[in-house]
Amino acid sequence: MQFRKLFFSLCCMVTLGASLVACSEDEELFDDSGSKVTLPTHRAFILNEGTMGYNNATLSFYAPDKDAEFINDIFYTQNQAKLGDTGQSMIEYNNDLYAIIAGSRYLVRMNTAGVEKQRYTIPESEGDPRYLAADDGYIYMTQYGGQVTKLDANTLKVVGTFKGGANLEGIAECDGKLYVANSYTKSDTGYQYHTDLFVINAANMQLETTLTVDLNPNQVLEEDGKIFLISWGNYADKGYSAQMIEPQNGNKQTSLGVATNMAVGDDMVYFVNSETDWNTFTTTNTFFSYNIKTATVNSSSFLKNAPAELATSSVYMMSVDDEKGDIYIGVTFYSNSNGTMYRFDRNGNFVEKFDCGGQNPKTMVFID
């Protein structure tokens, strides 16, 4: 992302004597072809998971600069079709959106306005699709059953696969390597939880090494050349945990605390430990952060003036707007109603809250 912006900036500054040719980065980076609505340059999209089996996943549009109206289901607005069943994950790559609609078993590529460009249908013979990463012109998709599928980002044609492990969850790319969580195996005797983080060569899709991490690895993110991992434990004597892995330091592992969800951006990692007592259905949230530049954990909450209800709401997702550094926290009420998004600035000051436009906000991405 940064290289593309730098390259474009250099191309824009053409010196002819004392003259300077002006050009617009927005015109280069945005593809709003086919859009039925006019959208501002700084924009965000929320993938709402919906309720499994109800065919009610949605893609919502939000304008961080308040220069456009919120659109509950921009995918329907743009494509006159429902998104499908169970929105699982979404990323932005080269100013296109890529989303997995797991229940409907497809990966969709959309332009910067949410207009569908292509889709890849996951064969019924393969495991359920889970999470996405992208680099160097390719999309990487994890799947249950032990598969990572490599697709051309422009055509969604399959160009390679990795087969190994059991149920693969989170994935992140760093320096040509894919870090993939091998979470668990389910059999007639129950669940077997693993401690594997696969390191796969993205070029040839071959396993390079397997790192032993905390039990039941799940969410995997990259920031500043470091890998951040949340493991879910065994739901009994082993609980949730957060770790940092340093690929450039011999894959050194550092424990960062107890967390159920996280977001990275602006050289920070934001964590929440969202614990629910299922006997009373009472949720308690503990927020903390990690500063990558200073290598320090701030064990106190990074939020200021947060609405009281956030402390006891079920946090379903977190995201950071790299343009502004703002922090977004999405909470779920499961099938009862739409989720709510809480927005804080980069210093943790509460800005606003708003309806997510759908049930169970799964992820939020930004384009600018």
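Since the structure is predicted, the reported quantities are computational estimates derived from the model, not experimental observations. Note: hydrogens, waters and symmetry copies are ignored here, and every other heavy atom, side chains too, is used.
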Self-check item: Contact check, side chains of Thr283 and Ser274, non-hydrogen atoms, under 4.5 Å
Solution: yes
Quiz item: Considering residues, nucleotides and ligands other than Lys186, do more than 12 of their heavy atoms fall under 6.0 Å from its NZ?
Solution: no
Quiz item: Among Asp368, Asp65, Asp266, whose salt bridge (charged side-chain N to carboxylate O under 4.0 Å, His left out) with Lys324 holds?
Solution: Asp65
Quiz prompt | Lys/Arg-Asp/Glu bridge criterion (N-O < 4.0 Å) met for Asp152, Arg109 | solution = no
Quiz item: Of the non-hydrogen atoms in Met141 and Leu151, which two are nearest, and what is the gap between them?
Solution: CB-CD1, 4.4 Å
Practice problem: Output yes when a side-chain donor or acceptor of Ser60 lies under 3.5 Å from a complementary backbone atom of Cys356, and no otherwise. | Solution: yes
Quiz item: Considering residues at least two apart in sequence or located in another chain, which fulfil the side chain to side chain donor-acceptor pair (under 3.5 Å) criterion with Asp67?
Solution: none
Quiz item: With a 4.5 Å heavy-atom cut-off, do Gln78 and Val37 have their side chains touching?
Solution: yes
Quiz item: Under the salt bridge (Lys or Arg N to Asp or Glu O under 4.0 Å) test, which residues partner Glu69, sequence neighbours left out?
Solution: none
Quiz prompt | Residues forming a salt bridge (Lys or Arg N to Asp or Glu O under 4.0 Å) with Asp267, sequence neighbours excluded | solution = none
Distance-only donor-acceptor pairs under 3.5 Å for side chains of residues 247-255, two or more places apart:
from: Gln248; atom 1: NE2; to: Asp175; atom 2: OD2; distance (Å): 3.3
from: Gln253; atom 1: OE1; to: Gln243; atom 2: NE2; distance (Å): 2.9
from: Gln253; atom 1: NE2; to: Thr212; atom 2: O; distance (Å): 2.9

Quiz item: Will you find, in the side chains of Thr51 and Gln359, an N or O donor that is under 3.5 Å from an N or O acceptor?
Solution: yes
Quiz item: Of all residues at least two apart in sequence or in a different chain, which pass the salt bridge (Lys or Arg N to Asp or Glu O under 4.0 Å) check with Asp135?
Solution: none
Exercise. Give a yes or no on whether the backbone of Asn48 and the side-chain of Asn360 come within a donor-acceptor separation of less than 3.5 Å.
Key: no
Self-check item: Results of ring pair (Phe, Tyr, Trp, His ring centres under 6.0 Å) for Tyr98 - residues two or more places apart only
Solution: none
Quiz item: Do Leu107 and Thr149 have side chains that get closer than 4.5 Å, going by heavy atoms?
Solution: no
Practice problem: Kindly say whether Tyr106 contributes a backbone atom to a donor-acceptor pair with the side chain of Thr121 at under 3.5 angstrom? | Solution: no
Quiz item: Would you say the side chain of Asp96 lies within less than 4.5 Å of the side chain of Asn111, judging by non-hydrogen atoms?
Solution: yes
Quiz prompt | Partner of Tyr131 by side chain to side chain donor-acceptor pair (under 3.5 Å), out of Gln143, Gln88, Gln219, Glu169 | solution = Gln88
Quiz item: Hey, is the main chain of Phe198 close enough, under 3.5 Å, to the side chain of Asp196 for a donor-acceptor pair?
Solution: no
Quiz prompt | Non-hydrogen atoms of Val199 and Leu207 that approach each other most closely | solution = O-CD1, 3.6 Å
Quiz item: Side-chain contact, heavy-atom cut-off 4.5 Å: Thr185 with His194?
Solution: yes
Quiz item: Run the side chain to side chain contact (heavy atoms under 4.5 Å, CB included) check on Val269 and Val264 step by step: do they pass?
Solution: CA-CA 4 Å; Val269 190; Val264 298; 3.9 Å; yes
Quiz item: Hey, does Asn167 have a side-chain heavy atom less than 4.5 Å from the side chain of Ser183?
Solution: yes
Quiz item: Are more than 12 heavy atoms from other residues, nucleotides or ligands located less than 6.0 Å from atom OH of Tyr191?
Solution: no
Quiz item: Backbone N or O of Ala81 within a donor-acceptor pair of the Asn79 side chain at under 3.5 Å?
Solution: no
Exercise. List the atom of Gly137, the atom of Tyr93, and the distance in Å for their closest heavy-atom pair.
Key: N-OH, 2.7 Å
Quiz prompt | Within-4.5 Å side-chain heavy-atom neighbours: Lys362 and Met317 | solution = no
Self-check item: Phe366 and Tyr328 aromatic ring geometry - parallel, tilted or perpendicular at 30°/60° bounds
Solution: tilted
Quiz item: Looking at residues at least two apart in the chain, or sitting in another chain, which of them share a side-chain contact (heavy atoms from CB on, under 4.5 Å) with Asp277?
Solution: Asn279, Thr280
Quiz prompt | Partner residues of Phe75 under the ring pair (Phe, Tyr, Trp, His ring centres under 6.0 Å) criterion, sequence neighbours left out | solution = none
Quiz item: Quick one: does Ile367's side chain get under 4.5 Å of Phe30's, heavy atoms only?
Solution: yes
Quiz item: Should Asp85 and Arg105 count as an ion pair when the cut-off is N to O under 4.0 Å?
Solution: no
Quiz prompt | Residue pair Arg130 / Leu168: nearest heavy atoms and the distance that separates them | solution = CG-O, 3.4 Å
Self-check item: Qualifying residues under ring pair (Phe, Tyr, Trp, His ring centres under 6.0 Å), relative to Tyr290, sequence neighbours excluded
Solution: none
For residues 224-234, which side-chain N or O atoms pair as donor and acceptor with protein atoms under 3.5 Å away, sequence neighbours left out?
from: Ser231; atom 1: OG; to: Asp214; atom 2: O; distance (Å): 3.2
from: Asn234; atom 1: OD1; to: Ala236; atom 2: N; distance (Å): 2.9
from: Asn234; atom 1: OD1; to: Asp237; atom 2: N; distance (Å): 3.2
from: Asn234; atom 1: OD1; to: Lys238; atom 2: N; distance (Å): 2.9
from: Asn234; atom 1: ND2; to: Asp237; atom 2: OD1; distance (Å): 2.7

Quiz item: Can you check whether Tyr235 and Tyr193 have ring centres sitting under 6.0 Å from each other?
Solution: yes
Quiz item: Without hydrogens or angle criteria, can the side chains of Gln206 and Asn201 be said to hold a donor-acceptor pair below 3.5 Å?
Solution: no
Practice problem: Give a yes or no on this: more than 12 heavy atoms of other residues, nucleotides or ligands lie within 6.0 Å of atom NZ of Lys117. | Solution: yes
Exercise. List the steps and the verdict of side chain to side chain contact (heavy atoms under 4.5 Å, CB included) for Phe45 and Glu92.
Key: CA-CA 10 Å; Phe45 296 88; Glu92 178 273 330; over 6 Å; no
Quiz item: Should we count NZ of Lys157 as having more than 12 external heavy atoms under 6.0 Å?
Solution: no
Quiz prompt | Partner residues of Tyr316 under the ring pair (Phe, Tyr, Trp, His ring centres under 6.0 Å) criterion, sequence neighbours left out | solution = none
Quiz item: What's in the same ILVMFWY side-chain cluster as Val331, cut-off under 4.5 Å, chained through other members?
Solution: Met268, Tyr270, Val272, Phe287, Phe302, Leu303, Leu310, Val315, Met318, Val320, Ile327, Ile329, Phe333, Tyr342, Phe344, Phe350
Quiz prompt | Check: Asp73 side chain, Tyr76 main-chain N or O, donor-acceptor pair, under 3.5 Å | solution = yes
